[in-house]
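Taking it in order: structure first as structure tokens, then the write-up.
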Amino acid sequence: MEQFDTYLYELIAKNLSGQCTEAESAALQEWLEASPGNRAEYEILAKLWHDSPSAAVVPQRQYNTAAAWEKASQAIQPPASRVKILYTRYAAAAAILALLTAGAWWLETRSTLKKHELAANDGKIKSLQLPDKSMVTLRQGATIRYINGYHHNQRIVELEGEAFFEIASDPGHPFLVKTPNQSIVEVLGTSFTVQTGKDSTAVTVASGSVKLGVEGDTAAVILNSGQRGIWGNGLLSANNNHNLNFIAWKTGILQFNDQTLLEILPQLADFYAKDIRVDEKYKETASQQKATITFRNQSCDDVLHELQLLLGFHYQQEGDTIVISQ
């Protein structure tokens, strides 16, 4: 066997264990399409891969392809007079040896992939570049867990809290976000936020599209740019997103366009992590007062003071509790 064949069978093993790069997958596909015999040989090796108990045997971590191939080649040298007859069978035997040895090594590598965790638990936003070059921004209090490779040919992260994702394109390796309530977000596009809770998951898409579903269930909804989906209490819903401030925690910019004070205050409470209440006697008035205004990286007190000058209310703060009144 020539060295190209050794490389080819490595590609087959990597493909069956979900380790092929895009370039390697393209090279393997070209070989498969070259002749029906190639595809038939691949199917035989694939069956051996899935059925063989050898795949469960973990060899030493260091795998020497050249040495293994040399040993296999020496073991199967046939008499000169029978080379033409036995060539194909011996080639397949050598390929199987290389395949199973390499496959076990890749399985070991995959099973020992290191799991990483990052938490934004110091009151600050944290940004992270994942191994696949995707970018993640964690909101305060959020935690993400991920591995430095693929799991069953997928890129999988686990999220608690809220985060903004900008996903690197790689159609051959789907990107999944798992949440505490068993929701699964499958990325079909580019950027979006995921907000998790104990019993619900909310996804808002900034660009591209994502699929929101439930682990172990076929129910799912496709969300496109400008849409928001929620899974919780056994219900799955999708609507247009009218909240301009869904990533204000990341950008520091709060925008309000002809919104009432009663609509504005809950968004301020979420952004600043405050308990903002409206006095019962003032609620009817607050529901009629409207404002169009933008705030950029301003403190809660500065924002309330500007709104106070614009709308004419009074506010009093005690700790993290703020009461709005006449």
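To the nearest 0.5 Å, the span separating CD1 on I156 from CZ on F175 amounts to 10.0 Å. Interatomic distance, CD1 of I253 versus CD of Q298, reported as 11.0 Å (0.5 Å rounding).
Side chain to side chain, S191 and S207 meet the donor-acceptor criterion of an N or O pair below 3.5 Å. A side-chain donor-acceptor contact under 3.5 Å links Q29 and E33.
Although no hydrogens or angles enter the test, the distance criterion places no donor-acceptor pair under 3.5 Å between the side chain of K198 and the main chain of P180. Judged by distance alone, with hydrogens and angles left aside, the side-chain atoms of N233 form no donor-acceptor pair with the main-chain N or O of L235 at under 3.5 Å. A distance-only check finds a donor-acceptor pair linking the side chain of S225 to the backbone of A206 [under 3.5 Å]. A distance-only check finds a donor-acceptor pair linking the side chain of N38 to the backbone of W31 [under 3.5 Å]. Checked by atom type and distance alone, the side chain of D258 never pairs as donor or acceptor with a backbone atom of T292 at under 3.5 Å.
In Q288, the CD atom is crowded: over 12 heavy atoms of neighbouring residues, nucleotides or ligands sit closer than 6.0 Å. Sparse packing is recorded around NZ of K211, with 12 or fewer heavy atoms of other residues, nucleotides or ligands lying under 6.0 Å away. Other residues, nucleotides and ligands contribute at most 12 non-hydrogen atoms within 6.0 Å of the NE2 atom of H305. Enclosure of atom CD in E30 is not indicated, since only 12 or fewer non-hydrogen atoms of other residues, nucleotides or ligands lie within 6.0 angstrom.
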Derivation of the side chain to side chain contact (heavy atoms under 4.5 Å, CB included) call for Q195 and R228: CA-CA 11 Å; Q195 184 178 13; R228 177 180 174 85; 3.8 Å; yes

Check against side chain to side chain contact (heavy atoms under 4.5 Å, CB included), V194 and T201: CA-CA 7 Å; V194 178; T201 295; 4.0 Å; yes

Full working for side chain to side chain contact (heavy atoms under 4.5 Å, CB included) between R155 and V187: CA-CA 10 Å; R155 298 172 288 169; V187 179; over 6 Å; no

Pair N224-V205, side chain to side chain contact (heavy atoms under 4.5 Å, CB included): steps then yes or no: CA-CA 6 Å; N224 297 308; V205 182; 6.0 Å; no

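Classification of E160 and R145 as a salt-bridged pair holds, one side-chain N sitting under 4.0 Å from a carboxylate O. Between K274 and D301 there is no salt bridge, since no side-chain N of the basic residue sits under 4.0 Å from a carboxylate O of the acidic one.
Of all non-hydrogen atoms in H314 and Q326, the two that sit nearest each other are CB-O, 3.7 Å. For G172 against N153, the heavy-atom pair with the smallest separation is O-ND2, 3.5 Å. Minimum heavy-atom separation, T137 to S127: OG1-OG, 3.7 Å. Contact detail for I147 and P131: the closest heavy-atom pair is O-CG, 4.0 Å. Residues T143 and A119 approach most closely at OG1-CB, 3.6 Å, considering heavy atoms.
Proximity of V157 to F165: side-chain heavy atoms (C-beta onward) are separated by under 4.5 Å at one or more points.
Partner of V203 under the side chain to side chain contact (heavy atoms under 4.5 Å, CB included) criterion, out of T196, I230, V221, L212: L212 alone.
The aromatic rings of H173 and Y150 sit parallel, their planes meeting at an angle under 30°, below the 60° perpendicular limit.
The hydrophobic cluster around F256 extends to L254, L261, L262, I264, L265, L268, F271, Y272, I276, V278, Y282, I293, F295, V303, L304, L307, L310, L311, F313, Y315, I322, I324, counting ILVMFWY residues whose side-chain heavy atoms fall within less than 4.5 Å of a member.
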